[in-house]
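For reference, the structure discussed in these notes is given below.
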Amino acid sequence: MVKITLIGAGSVIFAKNLICDILQFPALSDCTICLMDIDPVRLATIENLAHRIVAQLGVKAKIEATLDLRKACKDAKFVLTTIQVGGYKPSTVVDFEIPARYGVRQTIADTLGVGGVFRALRSIPELVKVARTVQEVGASDPVLLNYTNPMAMNMWGVDRMTGIDSVGLCHSVQGTSRQLATYCGVDYKDVGYLVAGINHMAFFLKFEYKGKDAYPLLFRAFRELENSATSDVDRVRFEMMRRLGYFVTESSEHQSEYNPYFIHHGNEIIKKYGIPLNEYIRRCETQLAIWSNMELDLLDTQKPVTISRSVEYGSTIIHSFVTGQPSVIYGNVPNNGLITNLTEGCSVEVPCLIDRQGIQPTHIGNLPPQLAALIRTNLNVQELTVEAAVTGRRDYIYQAVMADPHTSTVLTLDKIWSMCDEMIETHQKDGFLGEFKPVLRNTGKPLSAVSRVFLSVEPDGMPFFKNSKKGSFCLVAENETGTAFCDEVEIEIAGVSATVAPSSKLLVKLAAGESARIPFTIERQAEIEGSLEISILSPSQQTLERDFHLYKRCEITVPVTTSGEESQPVEVTWSSNKVAEGGISLTREELTIDLQVNDTDLKLGEKYLWEGSAVEIGLKDASSWNSPLVTLVVLPDPVTPQILFNDAPFDGGSAQVFQDASGYRLIVKVNLKKAHLKESTPFLFDMIFHVHALGTAHGNVRAFWQGAAQWKFDQSRFALMIPRTEPRVRLLNPEDNTLLMSVPGDEPCVTLNA
């Protein structure tokens with residue numbers, strides 16, 4: 001008795017159709033069908049329905065149901081996957097909403113483009129998990145039949161990572177062939193065709209009626225549709241046929257986002273070609289709206305189950321494997337020389353003979369060059385996405401979206417990077433996207449690609465905390481090469497007179513692939529008035545170094561108001577990424593800081609070593625460089641936010657934290673008199689941002705862009721010089737001290753050259 005397992009059986013209607021298809025073959029009527037899903041309610045629904053189908057057909061099939069993948073795959077010969085990792089909510093909604101904010105409009109977003117890329121990155125690991133499980137505990141020579149999109153990327157990834165006997169199944173070929181017969185006004189039983197390409201972009205190389213070329217009939221139908229003022233039927237696909245000479249298998253709404261010729265050219269083109277933006281969202285919402293009634297109808301035991309045969313190939317493949325009765329289906333299989341002008345190893349959609357010998361795909365040879373050229377623009381995206389999934393290299397994600405024909409016509413590189421950062425963060429936060437390997441700052445290039453020893457400096461805690469003369473640091477060394485490394489590197493300090501202990505020269509000794517942290521301290525002999533830079537000097541050509549900076553303060557002056565309602569805008573950026581934004585206001589007694597801190601992974605840890613972006617505040621009498629610095633540390637704890645002064649709560653201040661999905665809003669109030677500042681003199685206000693958890697990509701601010709598991713922080717500084725006696729605002733560029741903004745007052749502005 002053959003065992004057939006359906007993974008993702010909670011897709012109730014689709015699973016119901018597959019079960020009906022399978023059990024209508026007499027040779028399969030005594031099989032075991034195991035249903036598996038992660039949703040127990042949906043699983044119970046399809047299990048109930050399956051038992052009724054068995055009873056209604058009067059067959060001897062056995063129905064099993066489980067939430068356990070390993071149990072489902074145990075002894076299974078055939079495993080069918082119909083999963084949607086992350087579901088409609090949250091993941092599909094994310095795939096639409098974030099790109100839309102950047103101006104990327106999509107229709108289906110399940111095959112290509114930014115939506116397809118991230119759907120693949122979520123799906124491939126889960127499909128690989130299924131494949132490896134059935135390889136381990138299933139019947140001998142198991143077969144994976146996948147229905148999960150994005151089909152081509154999923155199948156390519158599964159083949160790369162498991163090599164399991166598999167085929168990807170879609171109904172676009174059989175569905176479109178019926179459409180074409182309808183367009184031409186001919187009987188479908190008299191139609192013949194040959195299709196080849198990639199899933200959703202395969203082309204009818206032959207379309208015949210009674211053995212003769214039927215493309216003239218199709219072009220005539222196109223002219224009639226084009227002249228129809230009311231018809232929006234397949235305008236994109238017909239337009240592509242006009243230009244290429246061949247008709248493509250998947251719908252116009254799909255095609256409009258696989259090519260650069262339509263959506264981004266504006267509403268006039270969208271209207272002309274009848275392109276339904278956000279179509280998949282509408283379909284999902286409609287399905288959800290009617291699901292409750294559908295479920296009640298399906299579970300109504302007073303009604304017989306509607307049993308028919310679908311056009312899906314799954315049951316036919318299983319029947320041919322079991323009985324040896326040959327059949328021909330269109331499947332997505334590895335391109336092992338099948339289409340010679342497409343990428344070797346990619347997933348191609350071609351006719352396949354199925355019998356006891358298994359899946360036997362048809363050799364096609366060269367596609368017409370214009371078709372191959374267009375398909376390769378899609379393969380570029382697919383290949384890079386699969387590489388990201390297989391290698392865990394984060395840079396391939398950005399480059400896959402860069403290569404997308406639609407996205408690249410809409411966004412600049414900076415925006416593509418930023419959009420991908422946001423997509424990665426959001427899907428990771430939702431738990432549906434794994435970690436990817438670290439990349440080099442501002443490049444997206446993985447450390448492993450440079451084949452060098454990577455050296456960086458990281459602070460251990462807060463350097464020079466509470467005006468301390470000493471700061472603790474670590475030299476972090478990561479050997480990404482295949483050979484051992486041993487050399488002496490030198491630590492050089494710029495921006496302040498300082499000494500390094502135990503020595504400015506540190507021995508780095510690493511085996512291949514090994515990492516190490518070498519501690520050292522810096523003792524300064526003076527105030528750090530500008531930028532502090534810690535450089536790594538290595539005599540070896542095998543190293544790549546990243547220096548550490550505490551950046552120079554910029555200066556602004558803020559007017560004093562009686563109510564504190566007038567606010568000076570403040571924005572903190574790091575490598576073009578916005579860390580925080582908000583405003584600072586001042587009365588004669590109170591300083592108020594109101595900031596939105598962008599931190600998507602806030603976790604409060606030990607006393608000062610919290611996981612999350614925190615703010616260290618320093619207040620200093622600006623009349624003298626020798627005046628003491630009053631340091632306060634704000635802990636971003638949503639439950640008990642507080643300001644600490646000398647390790648104790650500061651009764652002259654208060655803090656409020658309002659956490660949301662993007663980070664938290666921080667409102668800090670400081671009583672200046674209790675901070676021991678004279679009312680008549682200006683003071684220096686210094687904030688050090690310990691930025692963390694803004695994503696693990698180079699484009700965000702986290703742990704030197706390393707994404708390590710342990711807590712680390714970077715630092716970004718700016719300062720406010722506030723003369724509390726006159727209304728003038730002065731903003732200097734922190735890079736070169738040029739004047740960016742000045743609001744004149746009645747008296748000369750008092751400034752401080754920090």
Side-chain angles (χ1 to χ4, degrees), residues 77-81 111-112 116-117 119-121 123-135 138 141-170 172-173 194-203 205 249-250 313-314 316-318 320-321 327-367 371-372 375-391 396 400:
K77 174 66 174 179
F78 303 98
V79 174
L80 295 90
T81 47
T111 300
L112 205 72
V117 166
R119 192 170 178 129
L121 293 174
S123 302
I124 290 173
E126 295 303 316
L127 292 171
V128 167
K129 181 180 177 181
V130 171
R132 287 175 174 167
T133 302
V134 73
Q135 283 178 313
D141 301 318
V143 182
L144 177 70
L145 289 78
N146 176 55
Y147 280 99
T148 299
N149 282 327
M151 181 62 66
M153 288 190 271
N154 287 342
M155 298 308 298
W156 196 346
V158 168
D159 181 63
R160 282 277 304 275
M161 298 177 78
T162 71
I164 191 172
D165 193 8
S166 62
V167 60
L169 302 173
C170 180
S172 61
V173 173
L194 173 65
V195 174
I198 60 174
N199 183 241
H200 289 186
M201 196 177 269
F203 291 87
L205 304 180
T249 51
E250 193 47 79
Y313 290 130
T316 302
I317 293 171
I318 296 171
S320 293
F321 259 94
S327 61
V328 175
I329 61 98
Y330 274 86
N332 293 270
V333 293
N335 185 30
N336 297 323
L338 302 175
I339 302 180
T340 47
N341 54 351
L342 294 185
T343 306
E344 184 74 10
C346 74
S347 179
V348 291
E349 193 164 52
V350 296
C352 299
L353 171 66
I354 313 291
D355 58 21
R356 279 203 177 96
Q357 304 306 310
I359 304 162
Q360 301 154 68
T362 302
H363 173 79
I364 300 297
N366 276 349
L367 292 177
L371 303 186
I375 289 171
R376 283 195 292 265
T377 67
N378 283 219
L379 288 179
N380 294 335
V381 183
Q382 294 178 11
E383 183 173 17
L384 287 164
T385 304
V386 170
E387 286 297 323
V390 171
T391 66
Y396 286 137

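Keep in mind that the numbers below use all heavy atoms, side chains included, and drop hydrogens, waters and symmetry copies.
The 12-atom threshold is not exceeded at CG of D141, counting heavy atoms of other residues, nucleotides or ligands nearer than 6.0 Å.
The distance from atom CD1 of I339 to atom CD1 of I198, rounded to the nearest 0.5 Å, is 9.0 Å. Annotation: the span from D159 atom CG to S347 atom OG amounts to 8.5 Å, rounded to 0.5 Å. Taking CG of L144 as the reference point, atom CG of L127 lies at 7.0 Å (rounded to 0.5 Å). Put simply, CD1 on I359 and CG on L353 are 11.0 Å apart, with the number rounded to the nearest 0.5 Å. Of the inter-residue distances, the one linking L112 atom CG with L379 atom CG reads 9.5 Å to the nearest 0.5 angstrom.
No side-chain heavy atom of I318 sits under 4.5 Å from any side-chain heavy atom of K77. At a threshold of 4.5 Å between non-hydrogen side-chain atoms, the residues F203 and I375 count as touching. A heavy-atom distance below 4.5 Å is not found between the side chains of T249 and M201. With contacts defined as side-chain heavy-atom distances shorter than 4.5 Å, the pair Q382/T343 does not qualify. You'll find the side chain of V173 stays beyond 4.5 Å of the side chain of I329, heavy atoms only. By the 4.5 Å heavy-atom criterion applied to side chains, I317 and V143 are not counted as neighbours. For the pair V167 and I354, the minimum side-chain heavy-atom distance is 4.5 Å or more.
The minimum heavy-atom distance between N149 and R119, with the atom names listed, is O-NE, 3.4 Å. Here the closest heavy-atom approach between residue P361 and residue L338 is recorded as CB-CD1, 3.7 Å. Nearest heavy atom pair, residue G168 against residue M151, reads CA-SD, 3.3 Å. Counting all heavy atoms, side chain and backbone alike, E387 lies closest to Y396 at CB-CD1, 3.6 Å. Taking all atoms of both residues into account, the shortest heavy-atom contact from V134 to A131 is CG1-O, 3.2 Å. When every heavy atom of P351 is checked against every heavy atom of L194, the shortest pair comes out as CG-CD1, 3.7 Å.
Residues T148 and S123 bring no donor and acceptor atom of their side chains to less than 3.5 Å of each other. For the residue pair T81/N146, the side-chain donor-acceptor check at 3.5 Å is satisfied.
R132 contributes a side-chain N or O that, together with a main-chain N or O of M161, makes up a donor-acceptor pair within less than 3.5 Å. Side chain of N154 to backbone of P150: a donor-acceptor contact under 3.5 angstrom is found. No donor-acceptor pair closer than 3.5 Å links the side chain of S172 to the backbone N or O of E250. R376 contributes a side-chain N or O that, together with a main-chain N or O of N341, makes up a donor-acceptor pair within less than 3.5 Å.
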Original post:
Going through the distances and angles, do H363 and V350 end up as a side-chain contact (heavy atoms from CB on, under 4.5 Å)?
Top reply: CA-CA 8 Å; H363 173 79; V350 296; over 6 Å; no
**OP:** Could you go through the side chain to side chain donor-acceptor pair (under 3.5 Å) check for S327 and T316 one step at a time?
**Re:** CA-CA 7 Å; S327 61; T316 302; 5.9 Å; no
Subject >> Chi angles and distances behind the side-chain contact (heavy atoms from CB on, under 4.5 Å) call for L205, I364 >> reply: CA-CA 10 Å; L205 304 180; I364 300 297; 4.2 Å; yes
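The only member of N332, T111, N378 that meets side chain to side chain donor-acceptor pair (under 3.5 Å) when paired with H200 is T111.
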